[in-house]
Student: 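One structure coming up, written as structure tokens, with questions to follow.
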Amino acid sequence: MNKNSATNNVYRRGASDGAVMGVVLCGIFASWALSMRVSAASLAFPLLCVAVPVLAYVQLRRAYRADGGMSTFPMLWMHGICIFFFGSLLMAALAIVWLRWWEPGLVGESLSQAADVYASLGSPEARAMADDVRAVIDRGLVPRPVDVGLALLWGGVFSGSILSMIFAVVIRAVGLRPHNKR
């Protein structure tokens with residue numbers, strides 16, 4: 001594979017790997033949303049959160065190997081950004097659909113529960129926080145589904161970009177090592 005075709009495949013590979021990452025990110029959102037009704041769903045949340053960086057590293061390392069160790073730092077980083085862009089896009093779409101048509105009151109209910117938890121803590125700071133959260137609800141400032149979706153998209157891309165940058169440095173530093181043969 002020449003260098004030019006590898007460069008063109010960064011985006012295609014990123015979209016393909018992003019679909020896999022999107023499944024994990026959708027699982028994270030679904031486990032959060034379902035945990036409001038089914039407490040057992042919250043058990044998947046930390047596992048899926050740990051799976052994200054592991055999967056990103058595996059995908060970037062696999063791409064580096066597929067290019068014969070010729071992937072540059074910018075190629076690996078862009079591949080990672082694409083992975084997180086397309087994966088977060090799927091998660092944002094799920095969040096918008098979920099919060100718009102399946103459980104439209106979920107964000108407001110979550111804020112109300114958060115206010116109750118803050119109020120129960122008893123400290124003046126916690127009571128002030130509870131009052132602030134209730135003011136958001138009372139003034140009708142609860143984020144709309146599209147607001148939540150965009151926040152998830154931008155948060156996923158930003159954090160994924162930072163993670164990909166770190167992994168690109170590590171993968172390039174480790175280099176291409178032969179697989180262990182048994």
Side-chain angles (χ1 to χ4, degrees), residues 14-15 17-60 77-170:
D17 289 344
V20 176
M21 182 65 75
V23 171
V24 175
L25 294 174
C26 285
I28 289 172
F29 176 80
S31 68
W32 168 77
L34 288 173
S35 68
M36 299 297 285
R37 309 275 182 259
V38 181
S39 60
S42 65
L43 297 175
F45 187 83
L47 297 175
L48 291 168
C49 287
V50 168
V52 169
V54 171
L55 179 61
Y57 182 83
V58 167
Q59 289 174 328
L60 290 174
W77 190 16
M78 181 54 71
H79 180 200
I81 291 169
C82 289
I83 289 170
F84 281 97
F85 173 76
F86 290 109
S88 297
L89 193 61
L90 290 173
M91 177 178 56
L94 172 67
I96 291 169
V97 168
W98 191 302
L99 297 174
R100 171 107 190 205
W101 290 291
W102 194 1
E103 288 190 272
L106 184 63
V107 175
E109 183 181 326
S110 297
L111 288 173
S112 180
Q113 287 180 1
D116 293 342
V117 168
Y118 284 129
S120 70
L121 294 177
S123 72
E125 296 85 6
R127 279 194 294 274
M129 182 66 86
D131 293 340
D132 290 343
V133 173
R134 285 196 180 100
V136 166
I137 296 168
D138 294 341
R139 292 182 183 148
L141 299 175
V142 175
R144 299 169 302 169
V146 71
D147 299 330
V148 173
L150 286 173
L152 289 172
L153 175 65
W154 288 115
V157 173
F158 178 75
S159 59
S161 173
I162 301 299
L163 191 62
S164 298
M165 181 175 42
I166 294 167
F167 286 162
V169 168
V170 170

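All values reported here derive from a predicted model rather than from experimental measurement. One is the number of the first residue; the rest follow in order along the sequence.
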Student: Using the side chain to side chain donor-acceptor pair (under 3.5 Å) rule, collect all pairs that involve residues 78-96, keeping only residues at least two apart or in two chains.
Tutor: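 The answer is Asp17-His79.
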Student: Give, for atom CD1 of Ile96 and atom CE of Met91, the distance between the pair rounded to the nearest 0.5 Å.
Tutor: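 These two atoms lie 11.0 Å from each other.
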Student: What's the spacing between Leu106 CG and Met36 CE if we round to 0.5 Å?
Tutor: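 Result: 5.5 Å between the selected atoms.
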Student: Taking all atoms of both residues into account, what is the closest heavy-atom pair of Ala41 and Ser35, and its distance?
Tutor: CB-N, 3.8 Å
Student: Would Arg37 and Glu103 satisfy side-chain contact (heavy atoms from CB on, under 4.5 Å), going step by step from the backbone distance to the final call?
Tutor: CA-CA 11 Å; Arg37 309 275 182 259; Glu103 288 190 272; 3.0 Å; yes
Student: Checking side-chain contact (heavy atoms from CB on, under 4.5 Å) against Tyr118, which of Arg134, Gln113, Met129 comes through?
Tutor: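 When side-chain contact (heavy atoms from CB on, under 4.5 Å) is applied between Tyr118 and each of Arg134, Gln113, Met129, only Met129 qualifies.
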Student: I need the minimum non-hydrogen distance between Cys49 and Pro53, along with the two atoms involved.
Tutor: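 Heavy-atom minimum between the residues: O-CD, 3.1 Å.
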Student: Between Ala56 and Phe167, which heavy-atom pair has the shortest distance, and what is it?
Tutor: CB-CE1, 4.1 Å
Student: Quick one: pull up CG in Leu94 and CG in Leu99 and give me the separation to the nearest 0.5 Å.
Tutor: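 CG of Leu99 is found 8.5 Å from CG of Leu94.
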Student: Using a cut-off of 6.0 Å, state whether more than 12 heavy atoms not belonging to Met165 lie near its atom CE.
Tutor: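 Above 12, so yes.
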Student: For residues 21-34, dump all side-chain donor-acceptor pairs below 3.5 Å to protein atoms at least two apart in sequence or in another chain.
Tutor:
from	atom 1	to	atom 2	distance (Å)
Ser31	OG	Gly27	O	3.2
Ser31	OG	Ile28	O	2.9

Student: Can you check whether Gly122's main-chain N or O pairs, donor with acceptor, with Arg127's side chain at less than 3.5 Å?
Tutor: yes
Student: When the side chains of residues 136-164 are checked against the rest of the protein, which donor-acceptor pairs come out under 3.5 Å, sequence neighbours left out?
Tutor:
from	atom 1	to	atom 2	distance (Å)
Arg144	NE	Asp147	OD2	3.1
Arg144	NH2	Asp147	OD1	2.9
Asp147	OD2	Arg144	N	3.0
Ser159	OG	Gly155	O	2.8
Ser159	OG	Gly156	O	3.4
Ser161	OG	Trp77	NE1	3.3
Ser164	OG	Gly160	O	2.7

